[in-house]
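Below is one structure, written out as structure tokens, with a few remarks after it.
Just so you know, ligand 1 is whichever comes first in the structure, and atom 1 is the first atom listed for that ligand.
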Amino acid sequence: MAILVTGGSGYIGSHTCVELLNAGYEIVVVDNLHNSSVESLRRVKEITGKDFKFYEVDLLDSIELDKVFLYNHIEAVIHFAGLKAVGESVSLPLWYYHNNITGTLILCKVMQKYGVKRMVFSSSATVYGLPEQVPIAEDAPLHATNPYGRTKLMIEEILRDLHASDPLWSIAILRYFNPIGSHESGRIGEAPSGIPNNLMPYITQVAVGRLKELRVFGNDYPTVDGTGVRDYIHAVDLARGHLKALDKVIAETRVDAYNLGTGRGYSVLELVAAFEKVTGRRIPYTISGRRAGDIAICYANPAKAERELGWVAEKGIEDMCIDGWRWQSANPDGYMQEAHAAAK
Ligand code: NAD
Ligand code: WQD
């Protein structure tokens, strides 16, 4: 019996593959490599000393996806595969709706055909939109503010409808807050293509000399120092949350949503200060205007995940910074160096 990991060569997927393999699970990975490199999976094998099957398959290709289920005995699916860039989703909404929603529909149909009804799904704190209050609990109002967020919200509803139609479906919806940091080996990590949209990869690329300075998007928010506050969570803690959710969907048939965050917010300047402290690198920055669509403060109430999944985030902001830096400093071009070497 194997766990199918869609999007398994991506940032969170690769970290989860490591945790699954270390916990003794057999895994099968499906990814179309749109936003990742097969090099990450080679390194997952290197870190764990374990082998697994990889299929370069697009979820939109139902025929090829069907074969993955035909040739493997899949017990449950951890579904990471999706497009995730907010700005891109505003410019290319049809692509986002098609890839994320149709991809999930096809996956669910194939799962149904093979009687596989257990899923852990990657949702996002973005489904809370502009929160009315913090910390945010799972029963807070849901309101996405961009096409990417709406794909997550719609998929959550589709999964709830599926469970309502057949209570044997067992689904954990995980709403991630802001994942940063990398595996402690420094061998796998976040490798955004082009200029990073997110704060932490931007900071690490400034530190490594790829980018000149950080632009801090606004210092006039009602926060500790005027800069935006977020709930940063270490990728390894997040990955471990998936194993707890997997235990849950195997033990019980239900559909439920869980926040995965630490419950503590840090401002942009607090994150910069923590990074500078543990790495000894200075991060030059300038203050610029607010980024459109940004909110002031967002952090989780993670009590439900602790109560019902037995999961709590264990790593602190300094671990996130040091591990993120270990990855970036050893791999200034992400996975590109090795990919180029392999192509020669
Ligand atoms: P990622 O881009 O690194 O990984 C996603 C993977 O899915 C990539 O390897 C990509 O090639 C693959 N993929 C995309 N569409 C596919 C398709 N149609 N068929 C097959 N493979 C496909 O992103 P990540 O940061 O690892 O995020 C994983 C999941 O978690 C995503 O669903 C994302 O929306 C969600 N999420 C991420 C964050 C974050 O900040 N990283 C926060 C909340 C939620
Ligand atoms: C964090 C803070 C910025 C970059 C996004 C998505 C969300 C989720 C996680 C997937 C904010 C500030 C950032 C920079 C800055 N992804 N910032 N300079 O916006 O909370 O969430 O990623 O589901 O859907 O919207 O994360 O890392 O972009 O920003 O000052 O160059 O850093 O304004 O306050 P965000 P982020």
Identity and distance of the protein heavy atom lying nearest atom 33 (C) of ligand 1: Tyr148 OH, 3.6 Å
Which residue and heavy atom of the protein sit nearest atom 20 (O) of ligand 2, plus the separation: Arg230 NE, 2.5 Å
Enumerated ligand 2 atoms positioned under 4.0 Å from heavy atoms of Val216: 30 (O)
Any Arg215 heavy atom less than 4.0 Å to ligand 2: yes
Beyond-backbone contact of Leu107 with Phe69, side-chain heavy atoms, under 4.5 angstrom: yes
Donor-acceptor under 3.5 Å (Trp327 side chain, Glu190 main chain): yes
Ligand 1 contacted by Lys152 (non-hydrogen, < 4.0 Å): yes
With Thr6, the side chain to side chain contact (heavy atoms under 4.5 Å, CB included) member among Leu59, Thr104, Leu65, Asp31: Leu59
Residue and atom name of the nearest protein heavy atom (relative to atom 21 (N) of ligand 1), distance in Å to one decimal: Asn32 N, 3.1 Å
Under 4.0 Å to a heavy atom of Tyr232 - the qualifying atoms of ligand 2, by number: 1 (C), 2 (C)
For ligand 2, the portion of Asp294 having any non-hydrogen atom under 4.0 Å away: side chain
Protein heavy-atom partner closest to atom 21 (O) of ligand 2 - residue, atom, separation in Å: Asn178 ND2, 3.8 Å
Heavy-atom donor-acceptor pair, Thr48 side chain to Val18 backbone, under 3.5 Å: no
For Phe80, the option from Ser14, Ser9, Ser122 that meets side chain to side chain contact (heavy atoms under 4.5 Å, CB included): Ser122
Protein heavy atom at shortest distance from atom 6 (C) of ligand 2: Val86 CG2, 3.8 Å
Main-chain N/O of Ala303 paired with Asn301 side-chain donor or acceptor, under 3.5 Å: yes
Per-atom contacts of ligand 1 with Ser122, taking only distances under 4.0 Å to non-hydrogen atoms: 29 (C), 30 (O), 32 (O), 35 (C)
Protein contact to atom 19 (O) of ligand 2 [nearest heavy atom, distance to 0.1 Å]: Arg291 NH2, 2.9 Å
Atom 5 (C) of ligand 1 [closest protein heavy-atom partner, distance rounded to 0.1 Å]: Gly82 O, 3.8 Å
Closest approach of any protein heavy atom to atom 12 (C) of ligand 2, naming residue and atom: Val268 CG2, 3.7 Å
Salt bridge (Lys or Arg N to Asp or Glu O under 4.0 Å) between Asp247 and Lys244, worked out: CA-CA 5 Å; Asp247 290 343; Lys244 296 289 189 182; 5.2 Å; no
Part of Val57 within contact of ligand 1 (heavy atoms, under 4.0 Å): backbone
Side chain His234, main chain Glu314, donor-acceptor under 3.5 Å: no
Close-contact set for ligand 1 against Leu33 heavy atoms, below 4.0 Å: 11 (O)
Within-shell test, Ser123 vs ligand 1, heavy atom, strictly < 4.0 Å: yes
Side-chain donor-acceptor contact under 3.5 Å, Thr262 with Asp231: yes
Under 4.0 Å to a heavy atom of Asn197 - the qualifying atoms of ligand 2, by number: 4 (C), 28 (O)
Heavy-atom proximity to atom 19 (N) of ligand 1, best of Ile78, Asp61, Leu59, Leu238: Leu59
Arg43-Asn331 side chain donor-acceptor pair, cut-off 3.5 Å: yes
Part of Asn99 with heavy atoms under 4.0 Å of ligand 1, whether side chain, backbone, both or neither: side chain
Donor-acceptor under 3.5 Å (Thr223 side chain, Thr227 main chain): yes
Nearest-neighbour protein heavy atom for atom 41 (N) of ligand 1, which is reported as residue plus atom name and distance: Lys84 NZ, 3.7 Å
Co-membership, hydrophobic cluster, residues Leu174 and Val255, 4.5 Å side-chain: no
Plane angle bin for Phe121 and His79 - parallel if under 30°, tilted between 30 and 60°, otherwise perpendicular: tilted
Distance from atom 2 (O) of ligand 1 to nearest protein heavy atom, with residue and atom: Asn35 ND2, 2.7 Å
Stacked cation flag Arg215 on Phe217, 6.0 angstrom / 45 deg: no
No-hydrogen, no-angle side-chain donor-acceptor test under 3.5 Å, Tyr148 and Asn100: no
Under-4.0 Å heavy-atom contact with ligand 1, by part of Thr6 that carries it: neither
Main-chain N/O of Glu184 paired with Arg326 side-chain donor or acceptor, under 3.5 Å: yes
Atom 8 (C) of ligand 2: nearest protein contact (heavy atom, Å): Ser124 OG, 4.2 Å
Residue part near ligand 2, for Asn198, under 4.0 Å between non-hydrogen atoms: both
Any Tyr285 heavy atom less than 4.0 Å from ligand 2: no
For atom 24 (O) of ligand 2, the protein heavy atom that lies nearest, with its residue and separation: Thr126 CB, 3.4 Å
For atom 28 (C) of ligand 1, the protein heavy atom that lies nearest, with its residue and separation: Phe80 O, 3.7 Å
Donor on one side chain, acceptor on other, Tyr96 and Asn146, under 3.5 Å: no
Sub-6.0 Å ring centroid separation between His34 and Trp95: yes
Ile47 side chain reached by Leu21 side chain, heavy atoms, under 4.5 Å: no
Parallel, tilted or perpendicular, as decided by the 30° and 60° cut-offs, for the rings of His242 and Tyr176: perpendicular
Which residue and heavy atom of the protein sit nearest atom 4 (O) of ligand 1, plus the separation: Gly10 CA, 3.5 Å
Those atoms of ligand 1 less than 4.0 Å from some heavy atom in Gly7: 6 (C), 7 (O)
Test item, Pro179 contacting ligand 1 (heavy atom, 4.0 angstrom): yes
Residue part near ligand 2, for Tyr221, under 4.0 Å between non-hydrogen atoms: neither
Flag side-chain contact, heavy atom, 4.5 Å: Glu75 against Ile3: yes
4.0 Å heavy-atom contact, Tyr148 with ligand 2: yes
Shortest protein contact, atom 8 (C) of ligand 1 (heavy atom only): Asp31 OD2, 3.5 Å
N or O contact, Leu199 vs ligand 2, cut-off under 3.5 Å: yes
Selection from Phe177, Phe217, Tyr202 by shortest heavy-atom distance to atom 14 (C) of ligand 2: Phe217
Region of Leu214 engaging ligand 2 - heavy atom pairs below 4.0 Å: side chain
Nearest-option assignment for atom 30 (O) of ligand 1, heavy atoms, candidates Tyr176, Tyr96, Tyr11: Tyr176
Per-residue contact class, Ala125 against ligand 1 - non-hydrogen pairs under 4.0 Å: neither
